[in-house]
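Atoms within a ligand are numbered from 1 in the order they appear, just like the ligands themselves.
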Amino acid sequence: MTTKPSVLLFFIDGLGIGIRGPHNPLDNLDAVPLAVFQNEEPQPFLDGIVVSTDARLGIEGRPQSASGQTTILTGVNAPAAVGYHKQGFPNQSLLEIINNQSIFKQLTQAGVKPITFANAYTSRFFNERPRWVSATTAAVEAAGMEFRTIEDLRNDSAIFMDYTNRILIERGEEVTERTEHEAAVVLAKLASQHRFTLYEYFITDKVGHAQDMELARKVLKSLALFVRELLNLVDLERTTVILTSDHGNVEDLSSRNHTLHAVPTVVWGAQRERIAGRIKTLADITPSIVALFN
Ligand SMILES: [Zn+2]
């Protein structure tokens with residue numbers, strides 16, 4: 001356990017700031033603090049500061065995952081660097097940016113340790129590593145960090161991208177289901193043991209593309225509860241918790257595509273004003289975190 005300042009970065013794929021209406025699963029849902037709407041004061045939760053964050057980054061077209069996540073994880077405006085919003089997995093140009101400037105690398109160079117990626121990877125990933133991987137996976141590899149495993153998850157030292165473990169159980173992994181509270185206990189423990197912890201969640205983007213209202217509401221309600229449980233467990237005197245997204249999607253199920261909306265960045269705990277005050281676009285996330293440790 002360290003008492004030095006620390007950061008937990010909670011990345012949620014495909015969560016934008018939309019408008020209320022029957023197309024938005026966040027409307028009339030018990031989903032504070034994720035339920036943020038355009039032109040409305042957000043409902044406060046534990047003094048969190050909500051910053052409307054530009055995900056379009058001055059480049060035409062719909063924001064996409066590979067370039068958006070690269071931007072969040074490096075502080076480099078990746079769509080501007082490659083000239084367009086890149087879908088799915090990073091290509092060679094984005095990988096170069098990640099290899100040189102990932103947040104894990106920048107923090108390591110600044111002497112910030114220990115740092116970790118909280119997500120568990122299954123043995124399938126280690127046995128047949130895919131040719132193209134997510135920006136986060138690339139960032140972890142670029143910094144020479146270890147991936148957490150299902151064995152770590154069984155020992156309450158890792159958390160799956162589906163924090164309930166239900167997807168793992170469906171795939172035949174021998175793990176037990178977790179409640180939102182149980183999952184939050186694990187992530188809060190990891191955050192207390194590290195100076196920088198990243199957690200990645202992307203089911204929001206999947207249900208957004210599926211345009212499944214019932215499932216989206218179920219997922220978002222659970223996710224909001226998970227975030228609240230987490231914030232109640234994390235030592236906010238020491239830790240800054242930053243929640244952000246790469247682009248909008250789930251807040252408008254009338255379209256299968258990502259949206260052009262800004263995304264919510266929510267900052268809780270220590271130094272929240274300092275961090276929130278620096279954030280205008282996705283490119284400001286990494287620099288604001290690195291500056292916190294200087
Ligand atoms: Zn998507």
Side-chain angles (χ1 to χ4, degrees), residues 9-19 23-26 31 34-36 38 52-74 76-91 93-95 97-98 117 119 121 125 130-139 160-163 167 198-224 226-227 243-266 281-283 285:
L9 178 60
F10 193 138
F11 166 70
I12 297 177
D13 200 315
L15 176 72
I17 303 177
I19 54 171
H23 61 279
N24 189 342
L26 290 154
L34 303 181
V36 183
Q38 286 174 37
S52 173
T53 310
D54 173 37
R56 299 175 69 175
L57 298 158
I59 299 298
E60 232 174 276
R62 295 179 188 279
Q64 301 293 345
S65 286
S67 45
Q69 291 166 18
T70 300
T71 304
I72 292 172
L73 294 172
T74 62
V76 174
N77 182 335
V82 297
Y84 63 103
H85 294 282
K86 170 76 178 73
Q87 290 187 5
F89 298 136
N91 58 12
S93 314
L94 292 177
L95 286 175
I97 296 171
I98 293 169
F117 181 40
N119 291 55
Y121 283 63
F125 172 81
R131 170 74 180 87
W132 298 103
V133 296
S134 73
T136 317
T137 300
F160 196 56
M161 64 93 178
D162 163 28
Y163 51 80
I167 291 176
L198 173 69
Y199 176 59
E200 176 176 66
Y201 179 86
F202 51 83
I203 296 174
T204 28
D205 192 55
K206 278 182 183 272
V207 297
H209 287 301
Q211 294 178 278
D212 184 333
M213 179 59 73
E214 201 183 325
L215 184 60
R217 286 177 67 89
K218 204 175 136 196
V219 159
L220 287 164
K221 199 171 168 176
S222 165
L223 181 61
F226 174 58
V227 172
L243 183 152
T244 196
S245 182
D246 49 355
H247 53 73
N249 182 355
V250 74
E251 78 284 1
D252 182 0
L253 296 185
S254 69
S255 147
R256 205 174 59 83
N257 296 324
H258 296 171
T259 67
L260 297 173
H261 295 148
V263 299
T265 299
V266 196
T281 79
L282 296 184
I285 308 273

Using 2.8 Å as the threshold, say whether any N, O or S atom from H209 sits that close to the Zn ion (ligand 1).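 Yes.
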Within D13, is some N, O or S atom less than 2.8 Å away from the Zn ion (ligand 1)?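 No.
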Is atom OH of Y121 surrounded by more than 12 heavy atoms (other residues, nucleotides or ligands) closer than 6.0 Å?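 Result for OH/Y121: enclosed.
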Around atom CD of Q87, are there more than 12 heavy atoms from other residues, nucleotides or ligands closer than 6.0 Å?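 For Q87, atom CD is not crowded (no more than 12 foreign heavy atoms under 6.0 Å).
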For the atoms NE2 of H258 and OD2 of D205, give the angle they form at the Zn ion (ligand 1), rounded to 10 degrees.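 With the Zn ion (ligand 1) as the vertex, the angle is close to 140°.
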Side chains of N257 and H209: donor-acceptor distance under 3.5 Å anywhere?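 No, H209 and N257 have no side-chain donor paired with an acceptor closer than 3.5 Å.
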Scan Q64, H85, R62 and name whichever one has a side-chain hydrogen bond (donor to acceptor under 3.5 Å, both in side chains) with H258.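 The residue from Q64, H85, R62 that satisfies side-chain hydrogen bond (donor to acceptor under 3.5 Å, both in side chains) with H258 turns out to be Q64.
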